[in-house]
Amino acid sequence: MWKWWYTAATSSIAGLLCYWNSLSADFVYDDSRAILKNSDLLPSTPWSNVLFNDFWGTPLMHSGSHKSYRPLCVATFRINYFFGELNPFGYHLVNVFLHSAVCWLVVTLSYVFLPAHFPCLVAGLLFAIHPIHTEAVTGIVGRADVEACLFFIASFLAYIKSYKLTMNSSQFREVRTQWLWLIFCLLLCTASMLSKEQGITVLGVCAVYEVMVLLSCVKNQTIFATISMAVKNDYAFRLFLVVTTGLGLLLLRIYIMGSQPPDFSPSDNPAANCDSRQTRLLTFLFLPAFNFWLLLSPKTLSFDWSMDSIPLIESLLDPRCGVIVVFYGTLAFLGFYCLTSLVFHLNLEEPVKDITSQVDHNVKQRKDVAEKNGKKPVKKSTDYAKHSNGTRSNPKHSNNNLPVREFNITNKTCWIETTLISLAILTLSFLPASNLFFYVGFVVAERILYIPSVGFCLLIAVGADIICRACNEQQMRLFCGSLVCVLILSVARTVERNWDWQNEEALYRSGITVNPAKAWSNLGNVLSSQGRTREAEDAYRKALTYRTNMADTHYNLGILLAERQQYNEAIKSYENAIHYRPRLAAAHLNLGILLADLGHKEEAVKILKNASTISGHGLKDPKQHSHSITSIKYNLGRILAQLGKPKEALKVYLEAMKTMPAHYEPHSLFNLIGEAYSATGKNAEAEKWYKESLKSKPDHLSVHLTYAKHLAKMGNFHEAEHWFKKAQVLNKSDHASWTHYGQFLFDQRRVTEAATMFTKAMELAPNDFDIAFTAAGYLREIGDYERAESCYKKAVKLKPQNPVAHMNLGAMLHLQGKLKEAEISYTRALKLRPGDQLTEENLKKLRTLQAKRKV
């Protein structure tokens, strides 16, 4: 027994050690949407939302929902958030410990079917360190797969436990316990499905196990005799219960999902959107073979296999068609051989009965004989019953927790049954991702292979056991050495892959060879967020050389170019994004804002008006879309107000408020509504909305300033000054609080104080031309000519092509008697604006004064 614990502990520790470096990883890839942007994790969100939203926080009934219903997994994310908020360490720690627990269960399952410690150790270690698991364990969203696998294996073990109690059980307590284990199995299956959809396939594995047990316990009987035996011994009823539970859970899942299946873009699963039936069929047949190859040789791995990472198979002459034939031929041969061996070869002998029952029966007979002869009964032997090849199998003891096989007494039988169960786990758990019943939103996803890999590891363990028993001592050493090398290489690859998942930059760079378009595009986003704009632009342009129709990449490139003031190129990028995805609301929004900032306000209004009616039906991220639509209306109203159309602006603002999503922060919109009411003369309504804005966000600087200006307009100067001062206290580093207060003071003819405010604002915003120019004017008015001159010179430096700045600097120099410098400034002003009357008059006065001085 100690070897079982030792094997399980070794595998679990190996799983912990292989992924220990993942604890320092950041949030990467899908983690942003599932964790960082998922409002279902927030304490302010009702727990019930977890039951009605998909994995990404989108309502299941929304047309754009991914339909991935995993409330148990989201619940664990929410618990993580409760203890550590958005610290990634806690999320990774839970994933690693869950993987360690699954490793323990894999070893437990291995001991149910495999005949010795060696193959069980192989299965456990291989599962613990397999590189294909990196995405599921290190990627936080992969918790759904790990958690589903945990419940999957536990459910299957519970089913096996209920079967053990069925054998020769007649007492009421044993029968009751048997059904409790069966019910527990079904509950664990439900938990697995609520962690991830493929968890429901454990019921298929249970059904295969039940049929296998039935076939191994009958002689060469007719079909009717076999059915009669199945009904008599509850086999049929158990199968019926498994099937009906599976159908019930499936119908429940369909009901929860709604009548409409999820809609995926052509780039997510190109084969599903191909018009050729032959191409779809051949490609879908090849993908399981490719996934199996990843299990065999996980050398090349990627965070994303969509788009053109796996080219479509368009012809029967494609060499990959040969791979399809070999793969399915091997599976069919292996399955057929095992079934025929189980049905025909094994049934030639006396049907195998439960070992424990047989031992108990023999002991009872010996006891009866001893009592008749007046002898003491012989104690039941605690030694192991020997296999035909000399190895020992473990009998069942009522007080022994070590799982044992109930219907196998030979190694060959054991290998056949283990192979059948392995194939069942491998194939059935992969079926939901096979595109056989419905199209999925990916080509290959490594984390999907987490549960199927359990069957794969068991298959490898069977092969290792067969080879081990066929080897002599020298060959055994060679084989064990080779096996150790494979395990060491697997550990090295897993650790290396973990480093790829440490941060987004490393992850996306590692995927360039597999999916260059997606990898370069995502890498551009990372580089841009780090301020490495030149590298980010190169990454975006490289991505577009591989795939020109990526709207998101054009959009992100447009943002980058606009930040670098390459406005014409940014406009072109936004237009390309809209061309390739007309319903990308964010691209319409940014294009409209950029055109308005460049002075093309009428064109911006036209674009934003058209964009405000874009439907969000079927979009992947409806929250982001609804947020963008509200922002479009917000900016449309703002531009209309700038064009002197406050009534139209107010109409747009009110419409935006009606359609505003719950997650949109409304304080800025309320503030603009207040400004629009103020501009139309409805002062009472304006004050109401200003107060609503302050209620929504008490520290909102803009509303403090607009409300203060509104009070000043109403003649309530004392209260207005109070709100201006509150704004300064709220954010002393924001120049707006100083400039608006300064303008108020100037209007009150408190020019000296106003000049002080603008001087301070100029220190906070040294590159703002308007502040420098206004400060110069106020300083000039109070007679501080030297400081005024300094401010005008700064304004000229900021905008050398502005004739008014040059003219005012000339006037300032003129007043101070610096006639030569003043003449230069006047001359520059006239070059920039020929014929300006005021500048010409000042220049004429200056030259007259120069002539008098010469005389």
Would you say Tyr19's side chain and Ile129's backbone share a donor-acceptor pair under 3.5 angstrom? no
With distance as the sole criterion, is a donor-acceptor pair present between the side chains of Tyr540 and Asn525 under 3.5 Å? yes
Side-chain heavy-atom pair Asn291, Phe430 within 4.5 angstrom cut-off: yes
Would you say Thr548's side chain and Leu544's backbone share a donor-acceptor pair under 3.5 angstrom? no
Does the side chain of Phe292 come within less than 4.5 Å of Leu426's, by heavy atoms? yes
Give, for atom OH of Tyr664 and atom OG of Ser626, the distance between the pair rounded to the nearest 0.5 Å. 10.5 Å
Nearest non-hydrogen partners of Trp56 and Asp30, listed with the distance: CZ3-O, 3.7 Å
Just wondering, do Ile578 and Leu584 contact through their side chains at under 4.5 Å, heavy atoms? no
Evaluate the criterion side chain to side chain donor-acceptor pair (under 3.5 Å) for residue pair Arg497 and Ser510; output intermediate values, then yes/no. CA-CA 9 Å; Arg497 187 63 179 152; Ser510 70; 3.2 Å; yes
Minimum heavy-atom distance between Arg583 and Ser615, given as atom pair plus value: NH1-O, 3.1 Å
Hey, is the main chain of Phe286 close enough, under 3.5 Å, to the side chain of Arg320 for a donor-acceptor pair? no
Work out which heavy atom in Ile140 is nearest to a heavy atom in Tyr91; give both atom names and the distance. CD1-CB, 3.5 Å
Can you find a pair of side-chain heavy atoms, one from Phe151 and one from Cys189, that are under 4.5 Å apart? no
When rounded to the nearest 0.5 angstrom, what is the spacing between CD1 in Ile200 and CG in Leu252? 9.0 Å
CG of Leu109 to CD1 of Ile425, rounded to nearest 0.5 Å, is 5.5 Å
Should Glu147 and Lys196 count as an ion pair when the cut-off is N to O under 4.0 Å? no
side-chain contact (heavy atoms from CB on, under 4.5 Å) between Leu60 and Asn53: does it pass, once the steps are laid out? CA-CA 5 Å; Leu60 281 163; Asn53 293 346; 5.9 Å; no
Is it true that Tyr574 and His554 have ring centroids separated by less than 6.0 Å? no
Run the side-chain contact (heavy atoms from CB on, under 4.5 Å) test on Ile448 and Phe442 for me, step by step, so that the C-alpha distance in whole Å, both residues' side-chain angles and the decisive distance to 0.1 Å come before the verdict. CA-CA 10 Å; Ile448 290 293; Phe442 53 85; 3.8 Å; yes
Distance, nearest 0.5 Å, that separates CG of Leu507 from CZ of Phe303: 6.0 Å
Hey, is the main chain of Asn610 close enough, under 3.5 Å, to the side chain of Thr613 for a donor-acceptor pair? yes
With a 6.0 Å cut-off (strictly less than), is the heavy-atom count around CZ of Phe284, excluding the residue itself, greater than 12? yes
Using only heavy-atom distances, determine whether the side chains of His133 and Ser453 contain a donor-acceptor pair under 3.5 Å. yes
Minimum-distance pair of heavy atoms, taken over all atoms of Ala25 and Pro88: O-CB, 3.6 Å
Interatomic distance, OG@Ser573 vs CG@Leu560, rounded to 0.5 Å, equals 9.0 Å
Does a side-chain N-to-carboxylate-O contact under 4.0 Å join Asp31 and Arg143? no
Within 45° of the ring axis of Phe77 and under 6.0 Å from its six-membered ring centre, is that where the NZ or CZ of Arg70 lies? no
Counting distance only, does the side-chain N/O of Arg238 pair as donor-acceptor with the main-chain N or O of Glu210 below 3.5 Å? no
Phe127 and Tyr450 aromatic centres sub-6.0 Å: yes
Between Thr138 and Asn498, do the side chains contain a donor N or O and an acceptor N or O under 3.5 Å apart? yes
Heavy-atom nearest pair, Ala271 first then Thr283, reads CB-CG2, 3.8 Å
Can you list the steps and then say if Trp47 with Arg78 is a side-chain contact (heavy atoms from CB on, under 4.5 Å)? CA-CA 9 Å; Trp47 270 93; Arg78 182 160 180 152; 3.5 Å; yes
Given the rule in the salt bridge (Lys or Arg N to Asp or Glu O under 4.0 Å) test, do Asp275 and Arg280 qualify, once you have shown the distances and angles that lead to the verdict? CA-CA 8 Å; Asp275 295 329; Arg280 288 201 306 273; 6.0 Å; no
How many angstroms lie between atom OG of Ser521 and atom CG of Asn515, to the nearest 0.5 angstrom? 10.0 Å
With no hydrogens and no angle check, is any side-chain donor or acceptor of Glu504 less than 3.5 Å from a backbone partner on Leu523? no
For residues Leu203 and Leu428, determine if any side-chain heavy atom of one lies less than 4.5 Å from a side-chain heavy atom of the other. no
Does a donor on one side chain and an acceptor on the other come within less than 3.5 Å for Asp304 and Tyr29? yes
I want to know whether His66 and Phe55 have ring centres closer than 6.0 Å. no
Side-chain donor-acceptor contact under 3.5 Å, Asp268 with Ser265: yes
Could you tell me whether a side-chain N or O of Ser490 sits under 3.5 Å from a main-chain N or O of His130, the two making a donor and an acceptor? no
How about Trp293 and Phe327: are their ring centres within less than 6.0 Å of each other? no
I'd like to know if Asp500 and Arg509 make a salt bridge, using a cut-off of under 4.0 Å between side-chain N and carboxylate O. no
Within the 3.5 Å criterion, strictly below it, is a donor on Asn435 or Asn269 matched to an acceptor on the partner's side chain? yes
Side chain proximity check, Ser276 to Glu314, heavy atoms < 4.5 angstrom: no
Determine whether Lys518 and Ser309 make a side-chain contact, defined as any pair of heavy atoms from C-beta on separated by less than 4.5 Å. no
Got more than 12 heavy atoms from elsewhere within 6.0 Å of OH, Tyr337? no
What verdict does the side-chain contact (heavy atoms from CB on, under 4.5 Å) test give for Cys149 and Ile153, after you've listed the backbone C-alpha separation in whole Å, the side-chain angles of each residue and the deciding distance to 0.1 Å? CA-CA 6 Å; Cys149 187; Ile153 301 175; 3.9 Å; yes
Between Arg547 and Asp308, does any side-chain N to carboxylate O distance fall below 4.0 Å? yes
Would you say Val211 and Val208 make side-chain contact, with heavy atoms under 4.5 Å? no
Exercise: identify the closest heavy-atom pair between Met61 and Tyr255: CE-O, 4.0 Å
